[in-house]
Number of protein chains: 2
Amino acid sequence: MDLKALETLRAVRTQGGVSAAAAVLHLTPSAVSQQLSGLTRDAGVPLTERIGRGLRLTAAGEALADAAVDVAVALERARAACAVFLDRPEGTVTLSAFQSGAKLLLPGLIGRVRALGGIDLECSDEDVAQDEFPGLTDRVDVVVAHRPEGGAGWPGEGSRLTVVPLLREPLDLAVAADHPLADRDAVRPADLVGEEWIAVRQGFPVAAVLDAVAAASGSPPRITQRINDFSVVEALVAAGHGVSLLPRHTGGTHPGVRLLPVRGVRAGRRVEALLRPDVAERVVVRRVLDELVAEAGRFGSPE
Amino acid sequence: MDLKALETLRAVRTQGGVSAAAAVLHLTPSAVSQQLSGLTRDAGVPLTERIGRGLRLTAAGEALADAAVDVAVALERARAACAVFLDRPEGTVTLSAFQSGAKLLLPGLIGRVRALGGIDLECSDEDVAQDEFPGLTDRVDVVVAHRPEGGAGWPGEGSRLTVVPLLREPLDLAVAADHPLADRDAVRPADLVGEEWIAVRQGFPVAAVLDAVAAASGSPPRITQRINDFSVVEALVAAGHGVSLLPRHTGGTHPGVRLLPVRGVRAGRRVEALLRPDVAERVVVRRVLDELVAEAGRFGSPE
DNA sequence: CATGTCGTTGTAGCGTTCCTTCATGGACCT
DNA sequence: AGGTCCATGAAGGAACGCTACAACGACATG
């Protein structure tokens, strides 16, 4: 029973197919298929079953993939066990963050990690749909993700996925500086009836919160634009094309935009770091995580 | 960081050297040495250090070997995870027992396991010194061992070695049928002053218990013979060459020998099954262990 | 002090394993 | 029915690990 094969099975599950798994493992689909067949021979029971033109893990495959996570964790603990005897933690850590999170956290984080010395931190910004965040952990060590407050949590959280809370970011109402509400200290949902909304693409956390605000205001929101990039949203709000919801810390730099707390609705998103449990055992990764948590602490607590 | 290399490091520790480890792994010393050097390169810190013409694990090596046990356990759990989906547990289990333990337990155990079906149980009897029992677990799945009551326990018990109590066997005084004490129901240490003793080779559990009886009787015992095999001991006792201590259940079959409980001294030995923690995860091994415990239960409880 | 032995470590050669390339076949979409 | 996507099989090549052999240091013995 090979280590690589177990790792491959895990990747096939999270990526949902042989080809996708091959991509994140830097292999050809054929190699993945061969490893799977070898592993199936070892196990003695079918681990995958064809479903349409793709495949799916059987119950035995799921069980083995779960166990594979524990194996990977144990192996990474072994690496960490002798890394303790190294005078200084070295190595490279890859990190990916959604766009606005990157803007908020990366400048400080990179400086902190550089100050530690010896750790290469390779960052990238990657904005994907909500349910694709966990899959990124196969390509990147640390994934900074966001989800709407009160949402369902991540699939496999705990056993298959390690989640580290970073901060809770309230969603504020963004209005143009010359908007009638602009001078208020705060607004309530009832104040927002009849506004034109600039929302974000479905599947992104802000959208769910927007729905809550709309329900509280008693009327369906008129959504005129669907924009992903917060800076574009700001430009539209400043130009008077509607109001929007922006995270308190990552938006609001535009001079023509005012951010107002929304009372009566708990509107916010959670920013969290996602890691594969085995990766979370690496000493260098832990160091980077510590700095990431500290940096996030500057902008609010996780609760 | 290779699985085999970690397994090799573990074997080098328990066996105490490259050559001995190579023997139990069915490899040449050269292969073991190469795996060690490769592992050291991966770890970044020296794992072994020369000591005389042999070698010893460094602190980092010990830590890594400990972690290697956890890796092996996790991997074996993975195997077990899909073995659950097999309709029937199959495979072969190797078992080794000390001579008298084998005599007591194997006849019943083999029958029990055969009744289960599907499991090949390969038994052997192997009588070694006290401190060599744990090392046998590298060659055999289940090692039935004994140790004097109140002794120090096994090195690495718990983390590096799984111990399953089988039974506690009191040590009785063995005297010839025509001995003055032969008709007593029990004896006390004071009754034994001046007797000639037939003891066993140092390092065997019975010897330690004999010392306790001698101390309680207030005078050093006269040890005239040192015999390992219990049946030889019985023959000598029956012939009137002295008294001895025999386990209650494994000795005493000789018609010319009487076994008498010794009061005032807690004299006994513990019979236990020793396994590598990873081997203990195998489903077939667990089944055999269950039967072994049940069979041992016929002769007394572990306490 | 020389010699033999034991145990570990390096080197060359070989076999095995694993991956890539290419080709095949089934399933979904238009 | 044709095109596309995905998984799987067979053949070739590269990389890895093991064995055989030799060398070296350490201990024991004469």
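Here is how names work: the chains are called A, B, and so on, in the same order as the sequence lines, proteins then strands, and each is numbered from 1.
To the nearest 0.5 angstrom, Glu272(A) atom CD is 4.0 Å from Arg147(A) atom CZ. Taking CD of Gln34(A) as the reference point, atom CG of Leu27(A) lies at 10.5 Å (rounded to 0.5 Å).
If you check distances only, the side chain of Ser30(B) does reach the base of dA20(D) with a donor-acceptor pair under 3.5 Å.
Screening Leu57(B), Leu47(B), Thr40(B), Val45(B) against Leu64(B) for a side chain to side chain contact (heavy atoms under 4.5 Å, CB included) leaves a single residue, Leu47(B). The only member of Arg79(B), Arg286(B), Arg276(B) that meets salt bridge (charged side-chain N to carboxylate O under 4.0 Å, His left out) when paired with Glu281(B) is Arg286(B). For the side chain to side chain contact (heavy atoms under 4.5 Å, CB included) with Gln35(A), the lone residue among Thr8(A), Leu25(A), Val12(A) that qualifies is Thr8(A).
Read 5' to 3', the first and last nucleotides of DNA chain C with an atom closer than 4.0 Å to a heavy atom of chain B are dT5(C) to dT11(C).
Along DNA chain C, the nucleotide nearest Arg50(A) and the nucleotide nearest Arg50(B) are compared for position; the residue whose nucleotide lies closer to the 5' end is Arg50(B).
Listed for the Asp278(A) side chain is no donor-acceptor partner under 3.5 Å among the backbone atoms of Glu76(A). In this structure a side-chain-to-backbone donor-acceptor pair under 3.5 Å is missing from Asp141(A) to Leu95(A).
Within the 4.0 Å cut-off from OP1 or OP2 of dT19(D), not a single side-chain nitrogen or oxygen of Gln34(B) is found.
Side-chain atoms of Ser100(B) and Arg269(B) form a donor-acceptor pair, as typed in the model, at a separation below 3.5 Å.
Residues of residues 5-21 of chain A that place a heavy atom closer than 4.0 Å to DNA chain C do not occur. Within residues 37-48 of chain B, no residue approaches DNA chain C, by heavy-atom distance under 4.0 Å.
A salt bridge links Glu7(A) with Arg10(A); the closest basic N to acidic carboxylate O contact falls under 4.0 Å.
Pairs engaging residues 19-31 of chain B under the salt bridge (charged side-chain N to carboxylate O under 4.0 Å, His left out) rule: none recorded [sequence neighbours left out].
Each end of the helix from dC1(C)-dG30(D) to dT30(C)-dA1(D) gets its own axis from five base pairs, and the two axes differ in direction by 20°, given to 10 degrees.
Side-chain proximity of Leu27(B) to the nucleotides dG25(D), dC18(D), dC6(D) is greatest for dC18(D).
Two residues are said to be in side-chain contact when any heavy atoms from C-beta on lie closer than 4.5 Å; Leu6(B) and Leu75(A) meet this criterion.
Summarising the geometry, the separation between CG on Leu57(A) and P on dA7(D) is reported as 12 Å, rounded to the nearest angstrom. In this structure, Arg56(B) atom CZ and dA26(D) atom P are separated by 16 Å, rounded to whole Å.
Shown here are the salt bridge (Lys or Arg N to Asp or Glu O under 4.0 Å) partners of Asp70(A), two or more places apart in sequence or in another chain: there are none.
The aromatic rings of Phe98(B) and His146(B) sit parallel, their planes meeting at an angle under 30°, below the 60° perpendicular limit.
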